[in-house]
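To keep things clear, I will list the structure first and then write my remarks on it.
In each ligand, atom 1 is the first atom listed, and ligand 1 is the first ligand listed. These figures come from a predicted structure and were not determined experimentally.
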Amino acid sequence: MNFIILGPPGSGKGTLAKRICKRYHIDHISTGDLFRFNIKKKTELGKLAVSYIDRGDLVPDDVTVGMVQQRLSELAPDEGFLLDGFPRTTEQADALAEILTNLDRQLDAAINVCLEDDVIVGRLKGRRVCRNCGASFNLDTMPPKVFDVCDECGGELYHREDDKPETISNRLAVYRENTSPLIKYYEDRDILVSIDNAGAPEETEAALFVLLDQVTQRAKNRK
Ligand code: AMP
């Protein structure tokens, strides 16, 4: 299975992405995580990306597309993937289509996570991320067992610079302008699977898995 997941920042797509990858045994490729890894390691790519990320702006396409192309070409032929945070523009979606054609792959579903802006702002204020493994918590809805300590690996939790209120509104505006047109883009290609994430995480997950099981079943029937 080859999936992408779309949704505004703070819609919970990262958490859902991890669960989806576990269920369908596919590789989680998050462009935000790849950038943060490069920033932490102070690579050339990280140095290039950091100022855009801190402002909540998009990293230029030539850098981002190259990074994704490299990562996808490293997958084993029978290994599926879920792209989280890519594509974020129509140009990136076109570039992805070309990369996948060259790799003889196709997208099975574009998962669209929906959530209202006011809920998002509240959630991002409370989000804390592990510096070590990237696991995500929320002080209000999904707190860690020990304050500022990751349940998964014991790493230190932090409040992402770009989750602070000044940057959140820019990230939401960037999403509305650049990324939301992709909903229609994938609807037109008949692979859009939309899910509302306003309810309890387990409910969203269960409803999404029903939809994705149908997608995987259809793909199996085609083979
Ligand atoms: P995320 O963790 O997905 O919210 O991404 C964090 C930040 O990384 C974004 O606000 C952008 O600055 C940058 N970023 C991640 N994915 C992309 C992408 N596909 N295109 C451009 N910039 C990206």
Worksheet item: Considering residues at least two apart in sequence or located in another chain, which fulfil the salt bridge (charged side-chain N to carboxylate O under 4.0 Å, His left out) criterion with K47?
Response: E44
Response to the item:
Short version for D61: what comes under 4.0 Å of ligand 1, heavy atoms counted, is neither
Discussion item. Can you confirm whether E177 is buried at CD, in the sense that more than 12 heavy atoms of other residues, nucleotides or ligands lie under 6.0 Å from that atom?
Written reply: no
Worksheet entry | Shortest protein heavy-atom distance from atom 20 (N) of ligand 1, along with the residue and atom involved | Q92 NE2, 2.9 Å
Discussion item. Tell me whether the NZ or CZ atom of R160 lies within the 45° cone about the ring axis of Y158 and under 6.0 Å from its centre.
Written reply: no
Worksheet entry | Heavy atom of R55, distance to ligand 1 below 4.0 Å | no
Fill in: Note: R218-D108 ion pair, threshold 4.0 Å (strictly below)
no
Discussion item. Give the atom numbers and elements of ligand 1 that come within less than 4.0 Å of a heavy atom of T31.
Written reply: 15 (C), 16 (N), 17 (C), 19 (N)
Fill in: Identity and distance of the protein heavy atom lying nearest atom 9 (C) of ligand 1
R88 NH2, 3.8 Å
Worksheet item: Side chain, backbone, both or neither: which part of E91 comes within less than 4.0 Å of ligand 1 when only heavy atoms are counted?
Response: neither
Worksheet item: At what distance is the nearest protein heavy atom to atom 22 (N) of ligand 1, and which residue and atom is it?
Response: V59 N, 3.0 Å
Practice prompt. May I ask you to identify the nearest protein heavy atom to atom 11 (C) of ligand 1, giving residue, atom name and distance to one decimal place in Å?
Written response: D57 O, 3.5 Å
Item to complete: Using modelled atom types only, decide if a donor and an acceptor are shared between the side chain of K18 and the backbone of A135 within a distance under 3.5 Å.
Response: no
Item to complete: Tell me yes or no: between the side chains of D61 and Q92, is some donor less than 3.5 Å from an acceptor?
Response: yes
Discussion item. I'd like to know if the side chain of T167 and the backbone of G56 have a donor-acceptor N/O pair within less than 3.5 Å.
Written reply: no
Discussion item. Give the atom numbers and elements of ligand 1 that come within less than 4.0 Å of a heavy atom of R36.
Written reply: 2 (O), 6 (C)
Discussion item. Whether R71 and D27 form a salt bridge (side-chain N of Lys/Arg under 4.0 Å from carboxylate O of Asp/Glu) is what I want to check.
Written reply: yes
Worksheet item: What's the shortest distance from atom 19 (N) of ligand 1 to any protein heavy atom, and which residue and atom give it?
Response: G85 O, 2.8 Å
Item to complete: Please identify each residue that fulfils salt bridge (charged side-chain N to carboxylate O under 4.0 Å, His left out) with R127, with sequence neighbours left out.
Response: D163
Practice prompt. Under 4.0 Å from a heavy atom of T64: give me the atoms of ligand 1 that qualify, with their elements.
Written response: 18 (C), 19 (N), 20 (N), 21 (C)
Discussion item. For Y185, does the six-membered ring have the charged nitrogen or CZ of R189 within the cation-pi criterion, i.e. under 6.0 angstrom from the centroid and within 45° of the normal?
Written reply: yes
Worksheet, complete the sentence: Closest to atom 4 (O) of ligand 1 among protein heavy atoms sits R171 NH2, 3.1 Å
Worksheet entry | Atoms in ligand 1 with a heavy atom of R160 nearer than 4.0 Å | 1 (P), 2 (O), 4 (O), 6 (C)
Worksheet, complete the sentence: Note: L58, heavy atoms under 4.0 Å from ligand 1, region reported as both
Worksheet, complete the sentence: for atom 23 (C) of ligand 1, nearest protein heavy atom and its distance come out as F35 CE1, 3.7 Å
